[in-house]
Protein chains: 2
Amino acid sequence: MRILVVEDDTDLNRQLVTALEEAGYVVDSATDGEDGHYLGDTEPYDAVVLDLGLPTLDGLSVLENWRRDGRTMPVLILTARDRWSDKVSGIDAGADDYVAKPFHMEEVLARVRALVRRAAGHASNELTCGAVRLDLRAGRVTVDGSPVKLTSHEYRLLSYLLHHQGKVISRTELTEHLYDQDFDRDSNTVEVFVGRLRKKIGSDLIETIRGLGYRLGAAGDS
Amino acid sequence: MRILVVEDDTDLNRQLVTALEEAGYVVDSATDGEDGHYLGDTEPYDAVVLDLGLPTLDGLSVLENWRRDGRTMPVLILTARDRWSDKVSGIDAGADDYVAKPFHMEEVLARVRALVRRAAGHASNELTCGAVRLDLRAGRVTVDGSPVKLTSHEYRLLSYLLHHQGKVISRTELTEHLYDQDFDRDSNTVEVFVGRLRKKIGSDLIETIRGLGYRLGAAGDS
DNA sequence: CTTCAACAACAAGAATGCGCATGGGGTCCG
DNA sequence: CGGACCCCATGCGCATTCTTGTTGTTGAAG
């Protein structure tokens, strides 16, 4: 999962990025409204953490522009406790959730988790497919009840596939969501990881759709 | 575990800090309401000892502000014996426990212990994981029944991990809770202590989650 | 039916970077 | 002064990641 953080306070920005990365996300960040807006328009994020008070372009405008351009990724607004009216305008502009500053990092993480989850249409913190079960909160994976040890990239890949069960995921989509901006596109890294994952969780789960990509779950054919 | 003490009587403040440090906590302190409020808002404490009669900003207001900002750490109120009504307002403001002045230091320590324990979801004063047993009251650790001698930092580390069994704890989280404000973040001190602790209590207990942090107990992997 | 091209899976080596052990220097204590 | 303890820096080992090359598979054209 790939997250965008737009926050001008460099200190807080770094904190957010660190915490999100520790939680297993791939994170890009911007410190002003224009950069943030550009990134959100051009890169496919699974969620955005957006501060409202930003230089060069106000957070609300950023959000409004995104929505006008048809960007639908979930957005978590950071707002000062006393700026209550912002919340109302934020709702109008298309925000999905709020956290008031100052906040507990834990709370932001929980809300981001919920946003990503909901955006993919899941209700619980556990994703399952066949014998595979992934606990988002503890970051733990089990197959048939017995725990499986995954490296961080394997975990991210599985998490993304589980969030989009039944959908055909192209290789480009995977690289875009599993890596940050600058990544060498022509390499078969993804295939290698799919292979490893299959070896660990069973090869019948991830289906290859030749020429298009991969699909997890949903025994349907094409 | 990291504790915040807010108490304007410098004498009492020092006593509290000393006693808590001797009990194995990392302690920050403030002598007026504003400083205290700021610290509680910005640093991640595991518990707070809060006097009510404070200069610049009343203790109750400090507490109310914290709660309104979503700070959920347990707070132990110090209140004068004859100000009974404070207790009621304190409950409303979100306090977790009380001690009436004058008090026995032992009582404060016991209550802080209980608060930290409950906040982590434990009922007893003994934390165990596998063969390791930690007695919070006596500050003693045994492995397979035989006592183990830990230095104060080793003890703090183990205590924190035991309080958060099964959770992945990042290095940043550890430094934040095991050290006070000013501490050089980029050094491998934490790893050194994890290494020492493993040598003393057995290396199979603390699991390394590469790139994320450490986890104690819960044999599951990810 | 054969051949060829495109694509995917796999294997194995190379490179990166993380985590760990070790030892020195500093500080606080008796 | 000596000892215990803590912090920090260096260097090594190894897990993880990435690349490269080869083999296998599919589908269409000759």
Side-chain angles (χ1 to χ4, degrees), chain A residues 18 21-22 24 26 139 141 148-158 160-161 168-175 178-180 182-216 221-222, chain B residues 18 21-22 24-26 139 141 148-158 160-161 168-216 221-222:
Chain A
T18 310
E21 280 176 347
E22 275 171 1
V26 177
V141 177
V148 174
K149 192 164 187 153
L150 297 184
T151 69
S152 93
H153 268 59
E154 287 162 0
Y155 176 83
R156 268 180 236 154
L157 173 59
L158 177 60
Y160 192 85
L161 290 175
V168 177
I169 314 285
S170 70
R171 241 177 306 280
T172 32
E173 185 175 347
L174 282 176
T175 51
L178 262 43
Y179 294 91
D180 51 17
D182 22 66
F183 177 75
D184 191 9
R185 262 74 198 283
D186 41 333
S187 102
N188 67 348
T189 310
V190 173
E191 294 158 40
V192 172
F193 275 91
V194 170
R196 286 218 209 124
L197 200 52
R198 280 210 256 243
K199 209 173 281 176
K200 289 192 179 179
I201 67 170
S203 46
D204 48 344
L205 269 169
I206 304 173
E207 184 185 357
T208 302
I209 316 291
R210 198 180 173 78
L212 293 177
Y214 300 97
R215 179 171 56 196
L216 181 139
D221 304 333
S222 66
Chain B
T18 310
E21 280 177 347
E22 275 170 2
Y25 298 103
V26 176
V141 177
V148 174
K149 189 168 176 147
L150 296 184
T151 70
S152 105
H153 267 62
E154 287 161 2
Y155 176 82
R156 268 179 234 157
L157 173 58
L158 177 61
Y160 192 85
L161 290 176
V168 177
I169 313 285
S170 70
R171 245 174 300 278
T172 27
E173 186 175 344
L174 283 177
T175 51
E176 273 171 355
H177 287 266
L178 262 44
Y179 293 92
D180 51 18
Q181 288 162 282
D182 22 64
F183 178 75
D184 189 8
R185 263 76 198 282
D186 40 335
S187 104
N188 64 352
T189 308
V190 172
E191 293 154 43
V192 171
F193 276 92
V194 170
R196 291 218 198 122
L197 197 52
R198 279 210 257 243
K199 213 171 278 176
K200 290 192 179 178
I201 66 168
S203 45
D204 47 342
L205 269 170
I206 304 174
E207 186 186 356
T208 302
I209 316 290
R210 182 167 247 261
L212 293 178
Y214 298 97
R215 179 170 54 202
L216 181 138
D221 300 336
S222 70

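Convention: sequence-line order gives letters A, B, ...; per-chain numbering from 1.
Between the side chains of B:Arg156 and B:Tyr25, no donor-acceptor pair of N or O atoms lies under 3.5 Å.
Comparing B:Arg210 and B:Leu150 by the nucleotide of DNA chain D whose heavy atom lies nearest to each, the residue mapping closer to the 5' end is B:Leu150. The 5' end of DNA chain D is approached more closely, in terms of each residue's nearest nucleotide, by B:Ser187 than by the other of A:His153 and B:Ser187.
Among residues two or more places apart in sequence or in another chain, the side chain to side chain donor-acceptor pair (under 3.5 Å) test is passed with A:Ser203 by none. B:Tyr179 meets the ring pair (Phe, Tyr, Trp, His ring centres under 6.0 Å) test with B:His153, B:Phe183; sequence neighbours excluded. Scanning for side chain to side chain donor-acceptor pair (under 3.5 Å) contacts around B:Tyr155 gives an empty result, with sequence neighbours left out. Residues passing the side chain to side chain donor-acceptor pair (under 3.5 Å) test with A:Glu173 are A:Tyr160, sequence neighbours excluded. Scanning for side-chain contact (heavy atoms from CB on, under 4.5 Å) contacts around B:Glu22 gives B:Thr18, with sequence neighbours left out. Partners of A:Thr189 by side chain to side chain donor-acceptor pair (under 3.5 Å), not counting sequence neighbours, listed by chain and number: A:Ser187.
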Would you list the protein and nucleotides 20-23 of chain C atom pairs, both N or O, that sit under 3.5 Å from each other?
residue	atom	partner	partner atom	Å
C:dC20	OP1	B:Arg198	NH2	2.2
C:dC20	OP1	B:Thr208	OG1	2.8
C:dC20	OP2	B:Tyr214	OH	2.6
C:dA21	N6	B:Asn188	ND2	2.9

For residues 192-199 of chain A, which side-chain N or O atoms pair as donor and acceptor with protein atoms under 3.5 Å away, sequence neighbours left out?
residue	atom	partner	partner atom	Å
A:Arg198	NH1	A:Ile206	O	2.5
A:Arg198	NH1	A:Thr208	OG1	3.4
A:Arg198	NH2	A:Thr208	OG1	3.2

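Along DNA chain D, read 5' to 3', the first and last nucleotides having any atom under 4.0 Å from a heavy atom of chain B are D:dC5 to D:dT16.
Between A:Ile206 atom CD1 and C:dC10 atom P the separation is 11 Å, expressed in whole Å.
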